[in-house]
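The first residue in the sequence is number 1, and the count goes up from there. The structure presented is a predicted model; accordingly, all values stated were derived computationally and were not measured. Hydrogens, waters and symmetry mates are skipped; everything else that's a heavy atom, side chains included, is used.
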Amino acid sequence: MISLTVNASTEYDIHIGCGLLEKSGKYIASLPDVRRVMVVTDDTVNGLYGSYFVDSLRSAGIDFDCFSFAPGEASKRPETVIALLSELARKGYTRTDLIAALGGGVVGDIAGFTAAIYLRGIRYIGIPTTLLACVDSSVGGKTGVDLDEGKNLAGAFHNPSLVLCDPDTLLTLPAEVFSDGMAEVVKYGVICDRELFEMPEAADRGGIKPDMNSIIARCIAAKKKYVEADERDRGVRRLLNFGHTAGHAIEACSDYTMCHGHAVAAGMMTAARYAQKLGLCSTALVCRLERMLTGYGLPTESPYDPSRLLETALRDKKRGGDIIDLILPREIGNCEIFPTPIGELSVFLAESVNRKPRAGDTP
């Protein structure tokens, strides 16, 4: 088992290891004053892993209730949060109780946001069951839901009390969902960890599967560094948004039928092409990133017209007045924050449509 501790405003441990799901009750029982647990999950994860988790809670002598909803981004809405808040109130949950998020990123966002606002804040823990949730959304305390006007426009910072990552749960992921998580793995490699970027490349060349425990731990270690330095997302933590300005716009234009990681993959290519156009990075970087994403079945361009993306991107929560921070790569393992006038967004988003490197582009 690999363990890390995030030293944020609320300190919490993250444990990574196969078989942790069936031992989760023991870890939850070790938290102080746990009287009862509301298990929040979606219908798919509940069918796969719900019984294992609640059996572990029973074995640890912990009382529990369950709240399950339809899987997918369409459920990441204020209405789902209101329904969960009402369930907590009807069941008489108090501040000595906690919420357990068993599932992917949508489950984690709903559970975390509800925990942030119920009784002005109760504890929650994360048991991520998708690669994307393991490497990214379960860590860092960002929670939120989507509005008609855009993604994650209502939310709160609320750190978990514990995160348990069991890579065995990844074995049941459809290929598309696994690829979705690999987009975030690639993101960490590009922004700050060249060796992480090279790990899937080396495994592919050797015809072997990458070591997911090590990859998950490496991604979490990277995110931990940014969260501890900038918990409220005012400075260096913004580097984690590489690919997200265009990616969130693509998601919204698809009515959230395109998975988050797939949209971010297209967004990373948008940022890389724009950086190459400005002479910030090489054509070789753009080509290497494209090969990596394509190898995992991820898109490298947007299916939507850039003018349509612009309307959505102007509502991006990362915008501050007439400036939006773009995260652009200089080389694999090194991205920088570029405050950009919103008037340049149309030029940036024009790179969401694929183009081959042109003669005269930066070598």
Side-chain angles (χ1 to χ4, degrees), residues 16 18-22 39-53 68-77 80 101-111 126-139 146 151 163-189 199-201 203-204 207-216 219-220 243-244 247-248 250-269 291-303:
I16 306 155
C18 296
L20 269 179
L21 179 63
E22 295 182 31
V39 181
V40 177
T41 187
D42 68 39
D43 298 339
T44 298
V45 174
N46 195 29
L48 290 168
Y49 299 114
S51 62
Y52 295 101
F53 183 53
S68 184
F69 53 84
E73 192 80 18
S75 291
K76 205 175 99 171
R77 303 284 300 175
T80 308
L102 176 67
V106 170
V107 170
D109 264 321
I110 289 170
I127 305 98
T129 61
T130 66
L131 179 58
L132 191 150
C134 285
V135 302
D136 191 64
S137 61
S138 65
V139 179
D146 305 332
K151 186 177 175 70
V163 178
L164 302 173
C165 295
D166 185 344
D168 282 345
T169 63
L170 307 183
L171 298 175
T172 56
L173 293 179
E176 181 184 42
V177 179
F178 181 81
S179 294
D180 215 46
M182 285 305 300
E184 291 285 350
V185 173
V186 171
K187 178 195 80 174
Y188 282 108
M199 286 170 72
E201 285 185 324
D204 183 61
I208 59 174
K209 292 184 178 179
D211 177 359
M212 295 314 302
N213 284 37
S214 297
I215 284 177
I216 291 168
C219 291
I220 291 174
H244 285 60
H248 280 173
I250 292 167
E251 269 190 282
C253 286
S254 76
D255 288 330
Y256 302 105
T257 58
M258 181 180 286
C259 300
H260 176 71
H262 284 60
V264 167
M268 287 190 288
M269 286 304 305
R291 282 195 303 271
M292 174 72 84
L293 296 175
T294 302
Y296 281 99
L298 292 161
T300 57
E301 61 183 295
S302 166

Inset, instruction - Please step through side-chain contact (heavy atoms from CB on, under 4.5 Å) for the pair V106 and D42, ending with a clear verdict. - result: CA-CA 9 Å; V106 170; D42 68 39; over 6 Å; no

Inset, instruction - Would you list the pairs meeting salt bridge (charged side-chain N to carboxylate O under 4.0 Å, His left out) in which at least one residue belongs to residues 252-268, sequence neighbours left out? - result: none

Inset, instruction - Taking the side chain as every heavy atom from C-beta outward, state whether P128 and V163 have any atom pair closer than 4.5 Å. - result: yes

Inset, instruction - State which residues pass side chain to side chain donor-acceptor pair (under 3.5 Å) with T294; sequence neighbours excluded, sorted by chain then number. - result: none

Legend entry - Y52 atom OH, neighbour heavy-atom count above 12 within 6.0 Å: no

Legend entry - Residues forming a side chain to side chain donor-acceptor pair (under 3.5 Å) with S68, sequence neighbours excluded: D43

Inset, instruction - Look only at the side chain of T41 and the backbone of G103, and say whether a donor-acceptor pair between them is shorter than 3.5 Å. - result: no

Inset, instruction - Work out which heavy atom in A74 is nearest to a heavy atom in R77; give both atom names and the distance. - result: O-CG, 3.1 Å

Inset, instruction - Only counting residues at least two apart or in another chain, list the ones meeting side chain to side chain donor-acceptor pair (under 3.5 Å) with S214. - result: D211

Inset, instruction - Sequence neighbours left out, what passes side chain to side chain donor-acceptor pair (under 3.5 Å) with D146? Give chain and number order. - result: none

Legend entry - Contact check, side chains of H260 and H244, non-hydrogen atoms, under 4.5 Å: yes

Legend entry - Beyond-backbone contact of L102 with L21, side-chain heavy atoms, under 4.5 angstrom: yes

Legend entry - Pairs meeting criterion salt bridge (charged side-chain N to carboxylate O under 4.0 Å, His left out) with involvement of residues 165-175, two or more places apart: none

Legend entry - Donor-acceptor side-chain pairing of T172 and Y49 below 3.5 angstrom: yes

Inset, instruction - Check G108 against A101 and note the closest heavy-atom contact, atom names and distance. - result: CA-CB, 4.0 Å

Inset, instruction - For the pair T80 (side chain) and K76 (backbone), establish whether a donor and an acceptor sit closer than 3.5 Å, ignoring hydrogens and angles. - result: no

Legend entry - side-chain contact (heavy atoms from CB on, under 4.5 Å) evaluation trace for D109 with S137: CA-CA 8 Å; D109 264 321; S137 61; 5.5 Å; no

Legend entry - side chain to side chain contact (heavy atoms under 4.5 Å, CB included) partners of T130, counting only residues at least two apart: L132, A133, L173, V177

Legend entry - With sequence neighbours excluded, residues passing side chain to side chain contact (heavy atoms under 4.5 Å, CB included) with A266: I250

Legend entry - Qualifying salt bridge (charged side-chain N to carboxylate O under 4.0 Å, His left out) pairs with a residue from residues 176-186, counting only residues at least two apart or across chains: E184-K187

Inset, instruction - Return the set of residues passing side chain to side chain contact (heavy atoms under 4.5 Å, CB included) with C219 (not counting sequence neighbours), or none when no residue passes. - result: V135, V185, Y188, L196, I215

Inset, instruction - Please tell me if the side chains of M212 and C134 come closer than 4.5 Å, counting only heavy atoms from C-beta onward. - result: no

